[in-house]
**Student:** 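Before we start, here is the structure in question, set down as structure tokens.
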Amino acid sequence: MTHAQQQILTVLAWVPDGRVVSYGQLADLAGLPGRARLVGRTLRTQDTEQLPWHRVVAADGRLGLPQGSPGWLEQRQRLLAEGIFFKGNPLGGNRVAMAQYQWQPDLAAMLMLFEQ
DNA sequence: ATGCTGACTACTG
DNA sequence: CCAGTAGCCAGCA
């Protein structure tokens, strides 16, 4: 695993319950602007068992996995379990209301990210 | 080494 | 809303 990927997983570990981040935003927070695809690749390739991988969604609120796939269903269920609302219909929508749930790290959180 | 692919995204038409 | 395009570049054949 590359240093960049380590950074990504470190930041991911800090995304709080009930909030989400987009692939691009996570890359930015990890000091890797423009590298959203690396985030997706990392989630697909590395072991995210102990990390809140389900809190990473596309910038437009859709989930990265193919809609209807097992992974997509699990991610959606985990998000619903955290109280995250999906546009259109609480159970039938397919996009997270980003404006409402996107994580906005505060100063304290940012400092912790840089300490890692 | 080389070429494709894709859990990305912003932009344009 | 949909399609194409340009950056991105680690994996994998």
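Below, chains carry the letters A, B, ... as their sequence lines are ordered, and counting in each starts from 1.
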**Student:** Taking atom P of B:dA10 as reference, at what distance in whole Å does atom CZ of A:Arg62 sit?
**Tutor:**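 After rounding, the gap between these two atoms is 12 Å.
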**Student:** Could you list all the salt bridge (charged side-chain N to carboxylate O under 4.0 Å, His left out) pairs where at least one residue sits in residues 27-48 of chain A, not counting sequence neighbours?
**Tutor:**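 For residues 27-48 of chain A: none.
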**Student:** Return the value, rounded to whole Å, for the distance between atom OH of A:Tyr23 and atom C1' of C:dC9.
**Tutor:**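 In whole Å, C:dC9 C1' and A:Tyr23 OH are 17 Å from each other.
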**Student:** Can you measure A:Leu9 atom CG to B:dA7 atom P for me and round it to whole angstrom units?
**Tutor:**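 The answer, rounded to whole Å, is 17 Å.
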**Student:** For A:Arg37 and B:dC8, give me the distance from atom CZ to atom C1', rounded to whole Å.
**Tutor:**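 Whole-Å distance recorded here is 6 Å.
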**Student:** With a 4.5 Å cut-off on side-chain heavy atoms, are A:Thr42 and A:Leu12 touching?
**Tutor:**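 A:Leu12 vs A:Thr42: side chains apart.
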**Student:** If every non-hydrogen atom of A:Arg55 is compared with every non-hydrogen atom of A:Glu82, which pair is closest and at what distance?
**Tutor:**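 Smallest interatomic distance, heavy atoms only, reads NH2-OE2, 2.7 Å.
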**Student:** Would you check if A:Trp103 and A:Val20 make a side-chain contact, meaning some heavy-atom pair closer than 4.5 Å?
**Tutor:**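 A:Trp103 vs A:Val20: side chains apart.
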**Student:** Starting at atom CD of A:Gln102, determine the distance to atom P of B:dT9, rounded to an integer number of angstrom.
**Tutor:**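 Rounded to the whole Å, the gap is 10 Å.
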**Student:** Produce the list of close N/O pairs, under 3.5 Å, pairing protein atoms with atoms of nucleotides 10-13 of chain C; give distances to one decimal.
**Tutor:**
unit_1, atom_1, unit_2, atom_2, d
C:dA10, OP1, A:Arg35, NH2, 3.1
C:dA10, O4', A:Arg41, NE, 2.7
C:dA10, O4', A:Arg41, NH2, 2.8
C:dG11, OP1, A:Gln5, OE1, 3.4
C:dG11, OP1, A:Gln5, NE2, 3.2

**Student:** For the pair made of CG in A:Asn94 and P in B:dA7, what is the distance, rounded to whole Å?
**Tutor:**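 Taking CG of A:Asn94 and P of B:dA7, I get 18 Å after rounding.
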**Student:** Flag yes if more than 12 heavy atoms outside A:Gln67 fall under 6.0 Å of its CD atom; otherwise flag no.
**Tutor:**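 Yes.
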**Student:** Compare all side-chain heavy atoms of A:Val21 with those of A:Val11 and state whether any distance is below 4.5 angstrom.
**Tutor:**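 No; the side chains remain at least 4.5 Å from each other.
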**Student:** Does A:Arg62 have any salt bridge (charged side-chain N to carboxylate O under 4.0 Å, His left out) partners at least two apart in sequence or in another chain, and if so, which?
**Tutor:**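 Per chain and number, A:Arg62 pairs via salt bridge (charged side-chain N to carboxylate O under 4.0 Å, His left out) with A:Asp60.
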**Student:** How many whole angstroms separate atom CE of A:Met98 from atom P of B:dT9?
**Tutor:**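 Answer to the nearest Å: 8 Å.
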**Student:** Round to the nearest Å and state the distance from A:Ile8 atom CD1 to C:dC9 atom C1'.
**Tutor:**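 Answer to the nearest Å: 11 Å.
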**Student:** Would you classify A:Trp72 as touching base, sugar-phosphate or nothing, given that sugar-phosphate means primed atoms plus P, OP1 and OP2, and contacts are heavy atoms under 4.0 Å?
**Tutor:**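 No contact at all - A:Trp72 keeps every heavy atom at 4.0 Å or more from the nucleic acid.
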**Student:** Got a list of protein N/O to nucleotides 1-5 of chain B N/O distances below 3.5 Å?
**Tutor:**
none

**Student:** Which pairs, protein N/O on one side and nucleotides 11-13 of chain B N/O on the other, fall under 3.5 Å?
**Tutor:**
none

**Student:** Mind checking what makes salt bridge (charged side-chain N to carboxylate O under 4.0 Å, His left out) contact with A:Arg78, not counting sequence neighbours?
**Tutor:**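 Partners of A:Arg78 by the salt bridge (charged side-chain N to carboxylate O under 4.0 Å, His left out) criterion, ordered by chain and then number, come out as A:Glu74.
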